[in-house]
> 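Take this structure, written in structure tokens, and hold onto it; I'll ask about it next.
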Protein chains: 2
Amino acid sequence: MKSAIPETGVPITPPTIGNGGDRQEASLHGEILLRLRDYVVEGNIPEGARVPERQLCEMLGISRTPLREALKVLAAEGLIELLPNRGARVRQLSQRDLEELFDVMAGLESLAGRLACEAITDEEIAAIERLHYEMYGHYLHRDMHGYFQTNQQIHESIVAAARNETLKTTYANFAGRIRRVRYSANFARKRQRWAEAMREHEAILDALRRRAASELSDILFQHLRNKRSAAIDHLAEAQGADLETTPQGD
Amino acid sequence: MKSAIPETGVPITPPTIGNGGDRQEASLHGEILLRLRDYVVEGNIPEGARVPERQLCEMLGISRTPLREALKVLAAEGLIELLPNRGARVRQLSQRDLEELFDVMAGLESLAGRLACEAITDEEIAAIERLHYEMYGHYLHRDMHGYFQTNQQIHESIVAAARNETLKTTYANFAGRIRRVRYSANFARKRQRWAEAMREHEAILDALRRRAASELSDILFQHLRNKRSAAIDHLAEAQGADLETTPQGD
DNA sequence: TGAAGCTATTTTGCATTCATTTTTTGTCTT
DNA sequence: AAGACAAAAAATGAATGCAAAATAGCTTCA
């Protein structure tokens with residue numbers, strides 16, 4: 001009665017996120033880490049569900065030692081919780097946790113914008129402009145999925161332009177933690193919020209062209225803050241609905 | 001010839017940094033993690049030195065399993081490197097690494113200041129003012145150690161005022177990574193830089209009193225940027241001197 | 001009938017053991 | 001004598017085994 005994990009074969013997820021993009025692990029432990037991280041980030045394990053080690057071992061076809069090492073790392077990353085003598089649980093993010101995570105993401109993007117102004121090339125700005133127009137197309141066609149993806153590409157481009165691998169890795173880490181939420185938050189976006197976001201993106205581009213570091217920093221922070229509000233609101237509704245179907249763990 | 005670790009008993013370091021302040025681990029693995037982290041952060045193992053697991057096990061009086069779990073976590077935190085089949089090394093920070101780390105720290109403090117403006121109380125500001133005057137005293141008395149400590153307290157107070165545990169933990173993590181450098185960088189500070197730093201701190205307090213979020217954000221970033229320059233310069237000298245005494249690992 | 005207590009099973013935490021890989025050491029050849 | 005090859009020693013990576021803790025199941029008693 002506590003399977004928590006579906007019977008599917010283990011899906012190796014696309015090379016999207018992760019710890020920062022290094023997907024060339026050789027050791028078994030490293031491979032397991034990548035697979036487990038994706039498995040959790042993709043949402044294959046219900047939040048707060050207990051996950052017996054034995055089951056994960058069978059699923060992944062390995063012994064408990066490397067699995068436990070991977071679990072420790074995932075716990076350090078904040079994706080799961082490790083209760084002493086009581087196993088691992090997918091970390092349940094409270095509303096407050098989400099607010100905090102969004103704010104830190106906002107701070108990181110704000111920093112990325114500031115640093116990007118110091119080093120970004122005209123070509124990179126042009127590329128972001130192209131993405132912006134592409135996104136505008138998705139907006140006009142009501143293509144939420146495309147909009148979401150392009151939006152994410154824009155933000156990743158800014159982070160890349162910051163020329164700071166440490167920042168990039170940290171950003172990817174936090175992005176992984178709130179990935180599910182972020183996704184549904186974007187889908188939940190009202191059309192009116194879309195329009196706002198488009199205007200904000202235009203302001204971002206404008207500041208970027210002028211290399212106005214602190215101005216861009218402000219705009220990006222506010223932009224993410226607005227996203228935060230949308231996401232939190234949406235999540236509050238969703239969790240309210242969930243309360244009837246999903247009983248609490250304990 | 002590869003001891004790398006002195007014969008001393010394992011020192012339990014003071015409860016300063018760590019992962020965020022949670023120092024009530026019950027499990028052996030958790031205890032080991034805290035002790036090892038401090039041990040590394042305190043600089044008891046030479047940079048880049050190879051650290052045989054067996055030796056650490058004897059030193060800590062445990063078997064390899066929990067030790068290896070702790071090593072994996074420390075590697076995820078960026079304190080050590082794990083080379084496949086070739087053991088753990090204390091991560092050697094290049095000059096570029098340091099620049100990146102300082103910039104991320106600057107971004108985090110900048111964010112902390114921004115958030116602090118939303119929630120900080122008059123009492124907290126008063127407390128920071130007291131610290132500021134205390135620091136001024138250390139400055140006048142040329143007490144570098146006291147100055148360093150009080151300075152750190154001020155920055156930690158700002159982070160605390162941000163009311164964001166996630167940010168606090170992340171900040172502590174990065175602080176741990178560059179602790180040694182930061183320390184020596186402060187010691188290396190020229191008196192002229194001291195005067196600048198004092199002025200910057202006054203500007204910080206001013207912006208904080210007015211709850212001028214984006215202004216404070218800018219000032220804090222610049223303040224840390226200046227620290228970065230001082231630290232990097234100092235490190236460049238120190239590393240240059242080291243090159244004659246410390247032969248490279250390989 | 002229901003709840004409390006006790007036992008059995010499962011699960012976790014850590015130690016130990018086994019298999020590879022790396023590093024060292026010794027020997028041989030040129 | 002120097003370099004190269006090979007065997008031994010050591011270290012790492014992973015699996016297995018064992019003790020303690022937790023959960024589940026059963027019995028007993030009110």
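A, B, ... follow the sequence lines: proteins, then strands. Residue 1 opens every chain. Both backbone and side-chain heavy atoms feed into the values below; hydrogens, waters and symmetry mates do not.
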> Rounded at 0.5 Å granularity, tell me how far CD1 in B:Ile45 sits from CD1 in B:Ile80.
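Between B:Ile45 CD1 and B:Ile80 CD1, I get 8.5 Å after rounding to 0.5 Å.
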> Where is the tightest heavy-atom contact between B:Ile158 and B:Ala116, given as atom of each residue plus distance?
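Closest pair (atom of B:Ile158, atom of B:Ala116, distance): O-CB, 4.0 Å.
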> Does CZ in A:Arg54 sit with more than 12 non-hydrogen atoms of other residues, nucleotides or ligands closer than 6.0 Å?
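Atom CZ in A:Arg54 is not crowded, with 12 or fewer foreign heavy atoms closer than 6.0 Å.
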> Could you go through nucleotides 6-8 of chain C and list every protein N or O atom that sits under 3.5 Å from one of its N or O atoms, giving the distance for each pair?
none

> Rounded to whole Å, how long is the line connecting atom CD of A:Glu58 with atom P of D:dT16?
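Value for this atom pair: 13 Å.
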> Measure the CE-CG distance between A:Met105 and A:Leu220 for me, rounded to the nearest 0.5 Å.
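Taking CE in A:Met105 and CG in A:Leu220, the distance rounds to 11.5 Å.
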> Send over the distance from A:Leu33 CG to D:dG13 C1', rounded to a whole Å.
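Whole-Å distance recorded here is 15 Å.
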> With A:Arg114 as the cation and B:Phe221 as the aromatic partner, state whether NZ or CZ is under 6.0 Å from the six-membered ring centre and within 45° of the axis.
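Pair A:Arg114/B:Phe221 counts as cation-pi.
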> Report yes if the side chains of B:Leu108 and A:Leu108 come closer than 4.5 Å at any heavy-atom pair, otherwise no.
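Sidechains of A:Leu108 and B:Leu108: in contact.
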> Side chains of A:Asp97 and A:Ser94 only: does a donor on one sit below 3.5 Å from an acceptor on the other?
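Present: a donor and an acceptor within the cut-off.
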> Which pairs, protein N/O on one side and nucleotides 13-20 of chain C N/O on the other, fall under 3.5 Å?
residue : atom : partner : partner atom : Å
C:dG13  : OP1  : A:Asn85 : N            : 3.0
C:dG13  : OP2  : A:Arg68 : NH1          : 2.7
C:dG13  : OP2  : A:Arg68 : NH2          : 3.4
C:dG13  : N7   : A:Arg64 : NH2          : 2.9
C:dG13  : O6   : A:Arg64 : NH1          : 3.4
C:dC14  : OP1  : B:Leu28 : N            : 2.6
C:dC14  : OP1  : B:His29 : N            : 3.4
C:dA15  : OP2  : B:Ser63 : N            : 2.9
C:dA15  : OP2  : B:Ser63 : OG           : 2.5
C:dA15  : O5'  : B:Ser63 : OG           : 3.4
C:dA15  : N7   : B:Thr65 : OG1          : 2.8
C:dT16  : O4   : B:Thr65 : OG1          : 3.3

> List for me each residue that meets salt bridge (charged side-chain N to carboxylate O under 4.0 Å, His left out) alongside A:Arg68, sequence neighbours excluded, and say none if there are none.
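Partners of A:Arg68 under the salt bridge (charged side-chain N to carboxylate O under 4.0 Å, His left out) test: A:Glu53, B:Glu69.
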> Check the distance between D:dA15's C1' and A:Leu67's CG and give it to me in whole angstrom.
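Rounded to the whole Å, the gap is 13 Å.
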> Starting from C1' on D:dT12, measure out to CZ on B:Arg89 and report it in whole angstrom.
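Taking CZ of B:Arg89 and C1' of D:dT12, I get 14 Å after rounding.
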